[in-house]
Structure formats: C-alpha cells, structure tokens
Amino acid sequence: MKFVKMHGLGNDFVFFEDKNGSGKDFSQLAVQLCDRHTGIGADGIIVIVPSDKADVRMRIINADGSEAEMCGNGIRCFAKYVYDHQIIDKKQFTIETLAGIMKPEVIIGNDGKVSLVTINMGKPFTDRALIPMNGPAGPVVDEPINIDGTVYKITSLLMGVPHTMTYMRDVDTVDLPVLGPKFETNPLFPRKTNMNFIQVVDNKTIKVRTWERGAGATLACGTGSCACAVGSYLNGFTGRSVDVNLYLGTLHIEYNEEDGNVYMTGPAAVSFEGEWMDE
Ligand SMILES: N[C@H](CCC[C@H](N)C(=O)O)C(=O)O
C-alpha cells in the first residue's frame, strides 16, 4: 500500500488515499504503522476519503488507534497533499472532518508546490457544556484543578478537539510523559483532553509544549496552538493575533473579532514516500 509521510512542524503523519472506501481497519493500521521501531513511525495516520458534504474528507487516527475529530497540523499537510496530487485544483476549498467543514487556502512556493497553508479552524467553544468537564455551564478560564496535591489553574476549550492548558514560567521544565497523562485521562474530561503547557513570551508571543490525547508528547499541535492562542487572549495575556513558538518553528494564529473564527497559518512538508508491505 503506497503512503506519503508528511509533517507539520514535526507533528508527523502517514497519509493514505482511500478513494473507494476500502473498509480497512484504520485503527489497527494506525497502531501498527505509528510504531517508531516496527512501523513507519508517526503521531497518527491521515486518510483521504471522498466527501458528499465538501470537496474532500479527512480522517485522522491517533497513534493509539483512536479517531480524532480534527487535527490542525494534519489538515495543513492534507491541504498540501490534495493540491499537490491534483485531487483538488483550486487554492481555496473545503474539507469535511468530524469537527465540521474546514476551509484552507494554500500558498504556493517557488517549486510550484504548496509551502504554507492558512486555514479557518472555525469557532472555539468555551462553554463548559461543550467542554467535556463536569460542573455548571460556562467558560472554563483560570479554574483550579488539583493533580496529586498540586493546584494548577487551567483553561479548557473545544477547538475541534478538547484542549486544556495551564501557564508555566518555563515550559521546558515540564516532564510531559509524567504530567501529560494525569490531565489527559483525568475523570473531569469524559472524552479525555489534550494538555498544553504555555509560557507567555510577550503580548504577541507564547511558547507551547503539548501532550496529545492518543498520541503523547508531540513536537507541535495545531489545534492546541489555536486553543492556547484563544486561551491566552481570554486570560488577558495576549491580543487576538499570536505567534506560537514550537520546537521546529512558529504557527501564526488570528482569533478574528468580526467572525469569531480562528485562523492558523503554518508550513506543511513531505518527508518521504514509500510502500507498506501489507501482510
Ligand atoms: N491527538 C489529537 C488529534 C490531533 C491533534 C493535533 N495533532 C493537531 O495538530 O491538532 C486528539 O486526539 O485530540
């Protein structure tokens, strides 16, 4: 089975086309392929599927086999894949996801291929009723949560997928594999949560490290970067235009005042193409 390995600032995915609805068990395939020793190695797999609601449909399955509603870095790579492979022949188009219809605009580089993508990620939901947390309806902003005796102030919102965040003086001191899962699987979040640790650099810049639901520590998280930009605005640490500094680069996020949508701009790249020898 032919595949293309792509990444968005190091958040990496194995891409397949499933034009005719093969009925493959992509969950089992994701666990197999994402293994960084016995598989191809990736944070997830992304499947290109026809759509009757949009120009094309994206499915994202995490490394643990769980299917996610959306993926910000993945959808930038997806937009590059479908444009560069002539599946789509326009620079602005629509992608069906489990979180709704997303609208990318691709920017072409000197090689004639997509280098950058700007995407309307839709509206963030801060209403607690939409955030998988117990308790009365209402935004979850700067609320205390006790983890093993330490109280963290969290903000939690839905950016296609559930994102929770807390602010730190130095995010590079966070032991993600220890602390991440304590939030991801906390009973407060019936659908689990992605967990983001934010360091405010200035009122236009934040530094983010993310432990992802179903994938663990990743080098970047697109929906997480969007959620952290919105959360930083809601907490009064930044304006609506934020650069999110990640390990391998920066994502630019605009939380638009007029339409209430979040716009993300960032790179997408192909690492290599190959053939997976099905058993
Ligand atoms: N692991 C996430 C989905 C991928 C999100 C991330 N890779 C991104 O770039 O938005 C979840 O299950 O909620």
Side-chain angles (χ1 to χ4, degrees), residues 8-11 70-73 75-76 79 92 99-100 102-107 115-128 130-131 133 138-145 152-174 183 193-212 218-268:
L9 292 176
N11 191 199
M70 227 314 256
C71 179
N73 288 315
I75 203 165
R76 292 199 317 276
Q92 294 184 343
M102 301 297 155
K103 298 171 188 144
E105 176 173 359
V106 297
I107 296 138
S115 57
L116 273 178
V117 181
T118 290
I119 182 152
N120 176 348
M121 297 282 283
K123 291 177 175 51
F125 290 104
T126 60
D127 182 326
R128 193 196 292 261
L130 292 161
I131 296 165
M133 281 183 82
V140 175
V141 178
D142 198 29
E143 291 212 356
I145 182 173
Y152 295 86
K153 299 302 269 314
I154 62 164
T155 293
S156 191
L157 52 93
L158 206 57
M159 194 71 237
V161 293
H163 277 283
T164 300
M165 61 206 76
T166 192
Y167 290 85
M168 298 256 172
R169 213 175 297 284
D170 179 356
V171 289
D172 286 322
T173 64
V174 177
F183 287 90
T193 187
N194 297 283
M195 184 58 196
N196 302 274
F197 299 90
I198 307 174
Q199 181 178 332
V200 179
V201 176
D202 59 37
N203 70 352
K204 292 187 173 62
T205 317
I206 56 176
K207 187 175 173 185
V208 175
R209 298 291 181 256
T210 304
W211 175 267
E212 282 197 35
T218 59
L219 293 183
C221 181
T223 51
S225 296
C226 293
C228 290
V230 171
S232 297
Y233 170 71
L234 294 176
N235 280 288
F237 296 131
T238 65
R240 287 175 168 268
S241 176
V242 182
D243 282 334
V244 181
N245 291 349
L246 302 156
Y247 286 102
L248 300 185
T250 299
L251 288 176
H252 181 72
I253 313 296
E254 293 284 341
Y255 180 23
N256 189 290
E257 188 155 17
E258 280 70 50
D259 62 20
N261 290 318
V262 178
Y263 295 83
M264 170 180 65
T265 300

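What's counted below: heavy atoms across the whole structure, side chains too, no hydrogens, waters or symmetry copies.
Under the 4.5 Å side-chain criterion, counting only non-hydrogen atoms from C-beta, F183 is in contact with I154. Looking at heavy atoms from C-beta onward, V106 lies in side-chain contact with V117 at the 4.5 angstrom threshold. Residues V174 and R209 have side chains not in contact (no heavy-atom distance under 4.5 Å, counting atoms from C-beta outward). Here the side chains of S232 and V242 are not in contact, with every heavy-atom distance at 4.5 Å or above. The shortest distance between side-chain heavy atoms of M159 and N194 does not fall below 4.5 Å. Taking the side chain as every heavy atom from C-beta outward, L246 and V208 approach each other to under 4.5 Å. With a 4.5 Å cut-off on side-chain heavy atoms, C71 and T223 do not count as touching. Side-chain contact check for M165 versus N235: every heavy-atom pair is 4.5 Å or farther apart.
Here the straight-line distance linking atom OG1 of T265 with atom CD1 of I253 works out to 7.5 Å at 0.5 Å rounding. In this structure, the separation between OG1 on T166 and CD on E143 is 12.0 Å, given to the nearest 0.5 Å. In this structure, the separation between CG on D259 and CG on N120 is 6.5 Å, given to the nearest 0.5 Å. One finds the OG1 atom of T238 at 6.5 Å from the CD1 atom of I206 (value rounded to the nearest 0.5 Å). The CG atom of D142 lies 4.0 Å from the NZ atom of K153; values are rounded to the nearest 0.5 Å.
Counting all heavy atoms, side chain and backbone alike, S225 lies closest to V244 at OG-CG1, 3.6 Å. Closest approach of L251 to G266, counting heavy atoms only: CD2-CA, 3.7 Å. For the residue pair P124 and L157, the shortest heavy atom distance occurs at CB-CD1, 4.2 Å. Taking all atoms of both residues into account, the shortest heavy-atom contact from T164 to S156 is OG1-OG, 2.9 Å. Residue A220 comes nearest to G8 through the heavy atom pair CB-O, 4.0 Å, listed as atom of the first residue, atom of the second, then distance. Between G249 and L9, the shortest heavy-atom contact is CA-CD2, 3.8 Å.
By the 4.0 Å N-to-carboxylate-O rule, K204 lies too far from D243 to be salt-bridged with it.
For the residue pair T155 and Y167, no side-chain donor N or O sits within less than 3.5 Å of a side-chain acceptor on the partner. A donor-acceptor contact closer than 3.5 angstrom links the side chains of T250 and N245.
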**Prompt:** Going through the distances and angles, do V230 and H163 end up as a side chain to side chain contact (heavy atoms under 4.5 Å, CB included)?
**Reply:** CA-CA 11 Å; V230 171; H163 277 283; over 6 Å; no
**Request:** Please assess M168 against Q199 for the test side chain to side chain contact (heavy atoms under 4.5 Å, CB included), listing each intermediate value before the final yes or no.
**Result:** CA-CA 5 Å; M168 298 256 172; Q199 181 178 332; 5.6 Å; no
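A search for ring-ring contact (aromatic ring centres under 6.0 Å, His included) contacts involving Y263 returns nothing, not counting sequence neighbours.
Sorted by first and then second residue, the pairs that involve residues 238-262 and meet ring pair (Phe, Tyr, Trp, His ring centres under 6.0 Å), not counting sequence neighbours, are Y233-Y255.
Between N261 and the options M121, K123, E254, a side-chain contact (heavy atoms from CB on, under 4.5 Å) holds for only K123.
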